[in-house]
Protein chains: 2
Amino acid sequence: MASDQNTASAPRVRIPEATIQRLPVYLFRLQALQAHGIKKVCSRELADELKISSSRLRHDFHYFGSFSRPGHPYDVEPLIARLRDILVLSEPIDFIIAGMGNLGQAMATYAQFEQDGFRLVGLFDINPKIMGLNFRGVTVQDLEMLPDLVRARHVPLGVLTVPASAAQSVADLMVDAGIRGIWNFAPINLKLPANVVLHDEFLSASIMSLSYKMKTMLGSNGGRRDSGA
Amino acid sequence: MASDQNTASAPRVRIPEATIQRLPVYLFRLQALQAHGIKKVCSRELADELKISSSRLRHDFHYFGSFSRPGHPYDVEPLIARLRDILVLSEPIDFIIAGMGNLGQAMATYAQFEQDGFRLVGLFDINPKIMGLNFRGVTVQDLEMLPDLVRARHVPLGVLTVPASAAQSVADLMVDAGIRGIWNFAPINLKLPANVVLHDEFLSASIMSLSYKMKTMLGSNGGRRDSGA
DNA sequence: TAGATTGTTAATCGATTAACAATC
DNA sequence: TAGATTGTTAATCGATTAACAATC
């Protein structure tokens with residue numbers, strides 16, 4: 001009996017966070033290749049395009065077993081299927097959005113999520129002017145209705161696009177209703193039970209770290225505004 | 001203690017990417033503490049709140065010199081000023097947005113950026129129905145006008161919220177006009193000159209890695225089915 | 001002062017890269 | 001087959017954590 005770990009959903013070792021975050025990037029690139037009619041790709045080509053080493057790519061794949069046979073490049077189509085299988089459940093994952101300001105509306109209308117295996121099932125806000133609006137076939141309801149929907153449909157995933165001041169209490173609402181993962185856009189460090197997955201998306205932090213990189217790239221003295229000593 | 005040793009822009013060694021991405025998070029938490037009237041904070045407290053080790057926090061700070069004196073906790077106000085100085089230039093950084101779909105509109109109306117030292121100076125799209133709309137005092141113009149504005153005002157930063165199919169060509173437009181950094185939301189690997197800073201924000205990748213984590217958590221700790229309804 | 005807590009170096013840990021055997 | 005390229009382990013590199021001297 002050799003090592004037959006070709007079951008994608010049950011890797012034996014803990015997968016590094018860095019690897020997990022690269023898997024969707026592999027997937028997107030492969031989908032783009034497929035759209036161009038490309039059937040096969042070797043680790044070197046794919047890695048070059050993503051500006052990583054081929055070694056790293058094969059190492060990442062290796063956590064989940066084997067994806068081809070030595071001497072042969074990867075077949076694009078089954079590789080896509082395999083990655084999709086690793087990343088998402090076979091049936092769509094239901095999600096709700098709390099906070100239908102501009103960011104919430106953008107998330108509600110972002111079509112890509114649907115293609116990636118996520119299904120929008122609820123939108124919530126406290127602003128009466130926003131309640132009743134319809135996005136992609138889903139009507140914005142009062143935030144008070146959130147727990148009922150989450151319980152009734154066993155919604156596993158919540159997107160949190162409320163103001164920072166409300167984020168913790170709305171997160172608590174989600175957790176109490178049984179949500180299993182929160183995608184948080186509020187710039188605040190939420191306190192959640194250990195069994196709820198939290199993924200922070202701090203857009204302001206993102207633009208600030210970009211700003212830092214631009215600043216350092218400008219020059220060794222930090223740019224033209226260097227106040228004379 | 002005004003600005004005597006604020007040589008923040010000239011650290012001696014290369015700063016790890018991970019450290020750079022934590023700096024804004026420190027800043028946000030400190031601003032929240034300040035809003036609550038808290039004047040001093042020690043590395044242990046601040047780190048605990050952010051779920052990192054105090055050692056890591058002090059190590060991060062140490063890249064930029066000294067922030068207090070042994071035996072004394074950090075003063076919140078000067079620490080905020082110091083971090084802001086490290087992360088952004090003292091005067092606001094001008095930025096433009098290309099692609100005024102839902103995500104572009106959300107970025108245009110996100111007030112936080114202004115507080116963090118960024119100034120919206122241009123909005124662009126190719127859709128005639130969107131041109132002429134006004135967001136935060138800025139009118140959406142034809143994409144063709146982008147190079148002129150970037151050149152005229154020396155705009156350093158561009159936000160790319162166009163569809164993936166258009167992303168590379170619009171990025172080229174920005175780069176040719178002299179932009180220095182691109183914040184890219186299109187799920188595609190842009191090819192840019194080495195002197196232009198690229199920061200990818202792959203939202204779909206984010207939700208998929210969150211999905212993976214939820215999936216593995218369901219399998220591994222299996223115990224908690226549902227909190228006793 | 002003495003206790004507290006930073007600044008700073010050393011030890012540990014984990015992730016990336018290199019190398020090559022396996023093998024189609 | 002022979003060349004190509006994966007799968008897989010070992011070596012290297014970098015980041016995190018631990019420890020404690022410095023010192024206010």
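Note: hydrogens, waters and symmetry copies are ignored here, and every other heavy atom, side chains too, is used. The chains referred to below are lettered A, B, ... by the order of the sequence lines, with proteins before strands, and numbering in each begins at 1.
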Original post:
For the residue pair F185(B) and Y110(A), what are the closest heavy atoms and their distance?
Top reply: O-OH, 4.2 Å

Original post:
Is H62(A) near enough to dT8(D) that one of its side-chain N or O atoms lies under 4.0 angstrom from OP1 or OP2?
Top reply: yes

Subject >> R82(A) charged N/C atom sitting above F67(A) aromatic ring, 6.0 Å / 45° >> reply: yes

Original post:
Within this structure, what is the NE2-to-P distance between H59(B) and dA18(D), rounded to whole angstrom?
Top reply: 13 Å

Subject >> Side-chain N or O of Y63(A) closer than 4.0 Å to phosphate OP1/OP2 of dA15(C) >> reply: no

Original post:
Any side-chain N or O of R22(B) less than 4.0 Å from the OP1 or OP2 oxygen of dA15(D)?
Top reply: no

Original post:
Which of these nucleotides, dT16(D), dA15(D), dG7(D), is closest to any side-chain atom of R56(B)?
Top reply: dT16(D)

Original post:
What does dA21(C) pair with, Watson-Crick or G-U, if both distances are under 3.5 Å?
Top reply: dT6(D)

Original post:
Can you find a side chain N or O atom of S43(A) that sits less than 4.0 Å from OP1 or OP2 on dT6(D)?
Top reply: yes

**OP:** Could you check whether the rings of H62(A) and H59(A) sit parallel, tilted or perpendicular, using 30° and 60° as the cut-offs?
**Re:** perpendicular

Original post:
In terms of side-chain heavy atoms of S66(B), which of dT5(D), dG7(D), dG7(C) is nearest?
Top reply: dG7(C)

Subject >> Of the listed nucleotides dT16(C), dG7(C), dA15(D), the one nearest the side chain of P16(B) >> reply: dA15(D)

**OP:** Give one of base, sugar-phosphate or nothing for S55(A), where a contact means two heavy atoms less than 4.0 Å apart.
**Re:** base

**OP:** Establish, with yes or no, whether the OP1 or OP2 oxygen of dG7(C) is under 4.0 angstrom from a side-chain nitrogen or oxygen of Y74(B).
**Re:** yes

Original post:
Between dT5(C), dT9(D), dC24(C), which nucleotide has the shortest distance from any of its atoms to the side chain of P70(B)?
Top reply: dT5(C)

Original post:
Looking at the side chain of R69(A), which of dT5(C), dG7(C), dC24(C) is the nearest nucleotide?
Top reply: dC24(C)

**OP:** Could you please name the option among dG7(D), dT5(D), dT16(D) that lies closest to any side-chain atom of A18(B)?
**Re:** dT16(D)

**OP:** Validate the cation-pi geometry between R119(A) and F95(A): distance from NZ or CZ to the six-membered ring centre under 6.0 Å, angle to the ring axis within 45°.
**Re:** no

